[in-house]
Amino acid sequence: MISHIGSGHYFTHPVTRIVVVGFGFGGFSFCKKMRRRSWRKGMQDVDILVISDRRYITFTPLLPELAVSRLSVESASADIESLGKVLGFRFMLGRVDGIDMRARKVSVKGREIGYDIMVLSTGSSDNLHGISISGENVISLRNVEDASVVAEKLLRSKTIWENPDKSHYQITVIGGGQTGVEAASFLAERLMEIGRTTSKDSPGIILLEASGRILSREPDEVSEISQRILRSKGVEYRTNINVKNIDGSRILLGSGEILHSGTIIWAAGIRPNTWMFGTQGILQTEGGRIVVNARLEIPGIKNAYVIGDIASPIVGDGKILAENASVAVQEGKFLARHIANSILQGKHNEVEVFRYRNFGHVIPLGQDSLFIGPKNRVLAGPLGRGIAWFIHFIELFTNQNRVRFLLESILHRAKTVRSGKDRSPGRASACHGCQESSQTMERQTL
Ligand SMILES: Cc1cc2nc3c(=O)[nH]c(=O)nc-3n(C[C@H](O)[C@H](O)[C@H](O)COP(=O)(O)OP(=O)(O)OC[C@H]3O[C@@H](n4cnc5c(N)ncnc54)[C@H](O)[C@@H]3O)c2cc1C
């Protein structure tokens, strides 16, 4: 076990100092697992300091539901300091702006903090792909603040009927990956709920995707089902579209066409937050993720670990793992086990390496959520929706989150059933009832 007299303000007694930089899915699962491990003998001298530039941790898969006012902030986020009291870590609010891996120090606004073990889990930010964006119409959906901006904008935005020009859209979603498709699907349901319904004839939402199909990382079947779902909600989507620039409400496409949109959701890719390394020579993938070995350690640098979106572990089959919550959570758990066993308790187990297990994943699309099983088996319909709900329920950060999520989901379901807007996803492609209700709503609004 490392025994070290900690220097500086943050560590005052002999401990193994673990600094966790960034507290999202990776940081949370690491700390939670460490807490479980710390009940065992030999772990009492561990001092974990979490440094995050946000006070709250956000359950991102529920952000689209926050953006459409279906859930409250309390159901999808948790205060990090309070979590620290339960999970046994200290919290410092601040942005790490420098890392010196040789001297084992991180810095926050000129203040240096030494460590014995560093766990870096700073996640990712929007990738603007060099596109020039001006004006305040563009919003990304990365945290609870963004979700509230979208929710408010939806209520204030002009309907398509107030802007009868065919090139005007209430909402344009740029990026047909998981975040974009989820956002478009939820937003379409919301427009229906608040009486600004979309229909195939007068689309209020358009989704623009640069590649040849939406959800291009998913199997073809998932893309096809999702396209059907979007169509049934009146969402227009276009593929092979390059956005050149955005100026206020004008979106210039590669073809020279100009679209106008009151609200523009940017969901066109991410880039890893690794800038704080400066010019230190670390091996990075083409996309900028940090290459780590199968123990999630930066090669050649002892006790510097990287997890979550910014990590690209060299795993057995040579596959590059996607940036998602499930990978981040499994990496966090693995790392806690590895550090507890090998480093803190001295049980050096040379064969322990990280392996990602695919337990399936969820694509929440509102009433039409999908569950993609481990062998790419797609479950839609009430079963898909039920599994998606249950996975979110158990994965939430705190019991308070779960209680709120449960109550708010029941409330929303009751409202939907009472207003007769419930639809079975299996009927999404030919939902005559929906179209009827959509047209009725349209007449009412006009
Ligand atoms: C809208 C949306 C929907 C999503 N839906 C899904 C889904 O359904 N399923 C799924 O699996 N994944 C989903 N994801 C992806 C998932 O959120 C990420 O893959 C996951 O959060 C990555 O975890 P992480 O720990 O690497 O980083 P994050 O969870 O992003 O956490 C990183 C944290 O570090 C902080 N930070 C960054 N830089 C610094 C710094 N210099 N100093 C201190 N703190 C810093 C950040 O503010 C952030 O709080 C979604 C993402 C979004 C945006």
Side-chain angles (χ1 to χ4, degrees), residues 24-26 28-29 33 59-65 76 175-186 189 209 211-233 237 267 270 307-309 311-313 315-334 353-397 402 405-406 409 413 422-431:
F25 278 94
F28 172 76
S29 69
K33 190 81 179 175
F59 195 85
T60 50
L62 293 181
L63 277 177
E65 288 189 62
Q178 187 168 342
T179 305
V181 172
E182 285 173 17
S185 186
F186 274 98
E189 286 183 7
E209 163 59 27
S211 76
R213 65 179 172 103
I214 62 168
L215 293 175
S216 56
R217 283 183 174 191
E218 300 288 345
D220 288 352
E221 187 193 353
V222 178
S223 292
E224 281 156 24
I225 296 175
S226 310
Q227 282 172 9
R228 265 205 320 266
I229 290 170
L230 291 183
R231 267 201 306 271
S232 77
K233 294 177 182 177
Y237 59 84
I270 51 172
I307 56 176
D309 281 5
S312 185
V315 281
D317 53 10
K319 270 193 200 151
I320 293 181
L321 295 176
E323 298 96 329
N324 66 40
S326 163
V327 172
V329 166
Q330 288 189 35
E331 288 175 346
K333 284 182 184 168
F334 165 84
V353 292
F354 174 71
R355 269 195 200 92
Y356 174 67
R357 293 211 172 95
N358 179 7
F359 297 115
H361 63 282
V362 169
I363 302 189
L365 299 173
Q367 293 191 34
D368 305 299
S369 295
L370 307 176
F371 175 72
I372 325 297
K375 290 190 177 149
N376 287 338
R377 186 152 172 246
V378 186
L379 295 179
L383 190 58
R385 184 165 69 196
I387 294 177
W389 185 91
F390 184 68
I391 290 176
H392 287 161
F393 179 78
I394 52 170
E395 293 291 337
L396 275 164
F397 305 122
R402 286 184 199 99
F405 181 57
L406 176 69
S409 302
R413 187 91 192 115
D422 186 28
R423 295 187 297 116
S424 159
R427 289 183 279 130
S429 57
C431 183

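Atom set for the values below is all heavy atoms of this structure, side chains included, hydrogens, waters and symmetry mates excluded. Computed from a prediction, not measured in an experiment: that's the story for all the values here.
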- request: Apply side-chain contact (heavy atoms from CB on, under 4.5 Å) to the pair Ile372 and Arg377, showing each step before the final yes or no.
  value: CA-CA 6 Å; Ile372 325 297; Arg377 186 152 172 246; over 6 Å; no
Minimum heavy-atom separation for [X] and [Y], please, with both atom names.
| X | Y | answer |
| --- | --- | --- |
| Gly308 | Glu331 | N-OE1, 2.6 Å |
| Arg217 | Ala322 | NH1-CB, 3.8 Å |
| Ala328 | Phe25 | CB-CB, 4.0 Å |
| Glu182 | Pro64 | OE1-CG, 3.7 Å |
| Phe186 | Gly366 | CZ-N, 3.2 Å |
| Leu321 | Pro313 | CD1-CG, 4.0 Å |

Just wondering, do [Y] and [X] contact through their side chains at under 4.5 Å, heavy atoms?
| X | Y | value |
| --- | --- | --- |
| Leu396 | Leu62 | yes |
| Arg213 | Asp220 | yes |
| Pro364 | His392 | yes |
| Gln330 | Phe359 | yes |
| Ser185 | Ile229 | yes |
| Tyr237 | Gln227 | yes |

- request: In sequence, state the C-alpha distance, the side-chain angles, and the governing distance for Glu218 and Ile363, and then conclude on side-chain contact (heavy atoms from CB on, under 4.5 Å).
  value: CA-CA 10 Å; Glu218 300 288 345; Ile363 302 189; 3.7 Å; yes
query: Does the pair Ile214 and Leu230 meet the rule for a side-chain contact (heavy atoms from CB on, under 4.5 Å), with working shown?
result: CA-CA 11 Å; Ile214 62 168; Leu230 291 183; 3.8 Å; yes
message: Could you check whether any side-chain N or O of Glu189 sits under 3.5 Å from a backbone N or O of Gln367, counting only pairs where one atom can act as donor and the other as acceptor?
response: yes
query: Within the distance-only criterion (no hydrogens, no angle test), does the side chain of Ser369 pair as donor or acceptor with the backbone N or O of Gly384 below 3.5 angstrom?
result: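 No.
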- prompt: Out of curiosity, Tyr356 OH to Asn324 CG, how far, rounded to the nearest 0.5 Å?
  reply: 5.0 Å
query: Hey, mind stepping through Arg355 and Phe334 against side-chain contact (heavy atoms from CB on, under 4.5 Å) and telling me if it holds?
result: CA-CA 9 Å; Arg355 269 195 200 92; Phe334 165 84; over 6 Å; no
